[in-house]
> 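I'd like to ask you about the structure that follows.
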Protein chains: 2
Amino acid sequence: MLRLSKLTDYATVILSFMARDNAQMHAAMEIAAITGIALPTVSKILKLLVNAKILISTRGAKGGYELARTPTEISIAAVISALEGPIALTECSISQQGCEQASGCEIRGNWNLINQTIHNALESVTLADMIRPTRSQDLAWKQEILIPVASLYR
Amino acid sequence: MLRLSKLTDYATVILSFMARDNAQMHAAMEIAAITGIALPTVSKILKLLVNAKILISTRGAKGGYELARTPTEISIAAVISALEGPIALTECSISQQGCEQASGCEIRGNWNLINQTIHNALESVTLADMIRPTRSQDLAWKQEILIPVASLYR
DNA sequence: ATAATTGAGGACTATTCTAGTACTATTTAA
DNA sequence: TTAAATAGTACTAGAATAGTCCTCAATTAT
């Protein structure tokens with residue numbers, strides 16, 4: 001199923017709300033109330049997004065969270081990485097120590113390629129794209145996503 | 001991390017071996033011995049691949065498993081689907097009942113789009129691609145993967 | 001100054017999912 | 001009829017995830 005964690009899913013909901021809303025500063029409690037996600041969970045997610053430099057936090061009374069960049073500059077890949085670490089389908093693509101297959105794993109290089117492909121696809125979609133309506137008549141969206149695989153080899 | 005399960009990873013190793021090897025029929029025990037994966041685990045994976053019509057099984061003495069199609073006709077997307085169910089990043093993309101976000105989820109359509117994008121990318125890579133060597137001088141591979149996103153809307 | 005508000009950081013728990021194993025039935029060849 | 005091989009299903013242990021809670025730090029308002 002190639003699953004994304006629930007927290008990541010929540011993160012996109014939260015960020016979409018923040019991108020759509022005019023106000024710049026949002027307290028965690030406010031976000032929890034609006035999205036319907038429990039406050040401690042929202043807090044956890046917001047903290048991760050701050051660490052990943054996707055959000056900026058302000059402490060104290062009247063504090064809260066705001067987007068660090070404009071929605072067009074925040075890619076879905078960045079959000080996923082913030083919540084789940086580096087984007088990669090297989091273990092061996094992350095740790096350099098390689099897998100311990102008896103026969104030797106011949107296909108790691110190709111997995112890396114696929115990882116790159118997907119990463120590129122996710123990199124090309126931004127928060128601004130996510131908050132666009134999906135009805136087909138509103139489609140001033142990207143014509144196509146072009147992934148030059150050959151370039152990955154260079 | 002956008003993780004793929006270990007079983008799926010194993011499946012690609014197993015299928016790569018079968019695609020590379022000339023012999024048509026391979027018993028589960030043989031595959032276990034060569035790949036170094038425990039026999040019960042190998043069996044489990046092979047059964048799933050049979051159900052997904054990626055492999056054909058023959059029972060009885062001299063039986064075994066063989067590819068149902070040529071390696072160029074087996075996509076990585078099919079393999080992933082066989083092991084993990086439909087390829088989708090978010091829960092709500094699979095079940096039709098929708099999520100129970102208080103504010104209403106505005107972004108489902110866009111997630112579906114991203115799912116489609118990734119699915120297309122995985123669909124375009126086949127088992128034959130996986131067993132190709134990865135050294136750059138051997139690259140008679142695909143020039144690029146073209147994903148016409150606009151067409152998804154029609 | 002002091003109190004109130006808000007985020008930071010980390011620890012902890014319960015639940016769910018995954019990986020792996022085992023057992024029994026069924027099919028086929030010799 | 002026996003041996004070899006897959007089919008199907010159920011079960012267990014371990015790991016990962018989701019979610020919660022508590023204490024500390026920072027800022028603003030009174």
Side-chain angles (χ1 to χ4, degrees), chain A residues 1-11 13-14 18 23-33 35-68 80 82-85 89-91 94 99-101, chain B residues 1-11 13-14 18 23-33 35-66 68 80 82-85 89-91 94 99-100:
Chain A
M1 184 172 99
L2 202 68
R3 194 164 30 94
L4 219 54
S5 80
K6 246 189 218 177
L7 292 185
T8 307
D9 201 354
Y10 291 162
V13 171
I14 292 172
M18 294 179 75
Q24 271 150 19
M25 200 69 96
H26 298 278
M29 247 184 63
E30 178 198 352
I31 295 173
T35 59
I37 305 167
L39 175 60
T41 305
V42 168
S43 285
K44 186 180 189 175
I45 295 166
L46 291 172
K47 285 175 211 167
L48 288 169
L49 292 172
V50 168
N51 286 339
K53 307 253 204 296
I54 292 171
L55 294 180
I56 292 173
S57 66
T58 307
R59 286 188 175 190
K62 307 280 177 188
Y65 298 88
E66 60 192 315
L67 297 179
I80 294 177
L83 275 285
E84 326 207 1
L89 296 178
T90 52
E91 281 299 333
I94 295 172
C99 54
E100 64 294 323
Q101 290 306 113
Chain B
M1 183 173 99
L2 203 69
R3 194 164 30 95
L4 220 53
S5 80
K6 246 190 216 177
L7 292 184
T8 306
D9 201 355
Y10 292 163
V13 171
I14 292 172
M18 293 179 75
Q24 272 151 17
M25 200 70 94
H26 299 278
M29 246 185 65
E30 177 198 353
I31 293 173
T35 60
I37 304 168
L39 175 60
T41 303
V42 168
S43 284
K44 187 181 189 173
I45 294 167
L46 291 172
K47 284 175 211 166
L48 288 169
L49 292 173
V50 169
N51 286 339
K53 308 251 204 298
I54 292 171
L55 293 180
I56 292 173
S57 65
T58 308
R59 286 189 174 192
K62 307 278 177 191
Y65 296 89
E66 61 192 315
I80 294 176
L83 275 285
E84 325 207 1
L89 297 178
T90 52
E91 281 299 332
I94 295 172
C99 53
E100 63 296 320

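Residue numbering restarts at 1 for every chain, and letters A, B, ... go by the order of the sequence lines.
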> Rounding to an integer number of Å, can you tell me how far A:K47 NZ sits from D:dA25 P?
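Atom NZ in A:K47 sits about 15 Å away from atom P in D:dA25.
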> Mind checking whether B:V50 and B:Y65 have side chains closer than 4.5 Å, heavy atoms only?
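A side-chain contact under 4.5 Å exists here.
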> Side chain of A:N51 only, heavy atoms from C-beta on: which candidate in C:dG9, C:dG7, C:dA29 is closest?
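Closest nucleotide to the A:N51 side chain: C:dG9.
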> Check the distance between C:dG7's P and A:E66's CD and give it to me in whole angstrom.
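To the nearest whole Å, that distance equals 12 Å.
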> What is the distance, rounded to the nearest whole Å, between atom OH of A:Y65 and atom C1' of D:dT27?
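Value for this atom pair: 14 Å.
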> How long is the gap from CD1 on B:I37 to OG on B:S43, to the nearest 0.5 Å?
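Interatomic distance, B:I37 CD1 to B:S43 OG, rounded to 0.5 Å: 11.5 Å.
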> Choose from C:dG20, C:dT21, C:dA8 the nucleotide whose nearest atom is closest to any side-chain atom of B:L7.
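That would be C:dG20.
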> Looking only at side-chain atoms of B:S57, point me to the closest of D:dT28, D:dA7, C:dA29.
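Of the candidates, D:dA7 comes closest.
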> Nearest to the side chain of A:A28, heavy atoms from C-beta on, is which of C:dG7, D:dG19, C:dT21?
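Closest nucleotide to the A:A28 side chain: C:dG7.
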> Among D:dA18, D:dA25, D:dG8, which is the nearest nucleotide to the side chain of A:R59?
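Of all the options, the side chain of A:R59 is nearest to D:dA25.
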> Side chain of B:T41, heavy atoms from C-beta onward: which of C:dG20, C:dT28, C:dG10 has the nearest atom to it?
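Within the option list, the nearest is C:dG20.
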> Kindly say whether A:S5 contributes a backbone atom to a donor-acceptor pair with the side chain of A:E84 at under 3.5 angstrom?
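Indeed, once roles are kept as given, a pair shorter than 3.5 Å links the two residues.
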> What is the distance, rounded to the nearest whole Å, between atom CE of A:M25 and atom P of C:dT5?
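After rounding, the reported distance stands at 17 Å.
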> Rounded to whole Å, please give me the gap between CG in A:L49 and P in C:dG9.
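The distance from CG of A:L49 to P of C:dG9 comes to 13 Å, rounded to the nearest Å.
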> Atom CE of A:M29 and atom C1' of D:dT20: how far apart are they, to the nearest Å?
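After rounding, the reported distance stands at 17 Å.
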> In whole Å, what is the span from the CD1 atom of A:I45 to the P atom of C:dG9?
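So the CD1-P distance, A:I45 to C:dG9, works out to 17 Å.
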> Would you indicate whether A:Q24, at its atom CD, is surrounded by more than 12 heavy atoms from other residues, nucleotides or ligands within a distance under 6.0 Å?
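Atom CD in A:Q24 is not crowded, with 12 or fewer foreign heavy atoms closer than 6.0 Å.
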> Check whether the side chain of A:K44 and the base of D:dG19 form a donor-acceptor pair under 3.5 Å.
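By the distance-only test, yes, there is a pair.
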> Grab the NZ-P distance between A:K62 and D:dT28 for me, whole Å please.
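A:K62 atom NZ is separated from D:dT28 atom P by 11 Å.
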> Closest-nucleotide mapping onto DNA chain D: is A:G60 or B:T58 further toward the 5' terminus? I mean the 5' end.
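The residue whose closest nucleotide sits nearer the 5' end is B:T58.
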> Counting only side-chain heavy atoms from C-beta out, which of D:dA7, D:dG19, C:dA19 sits nearest to B:S5?
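Among the listed nucleotides, the one closest to the side chain of B:S5 is C:dA19.
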> Is the CE atom of A:M29 crowded by more than 12 outside heavy atoms at less than 6.0 Å?
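Not buried by this count: 12 neighbours or fewer within 6.0 Å.
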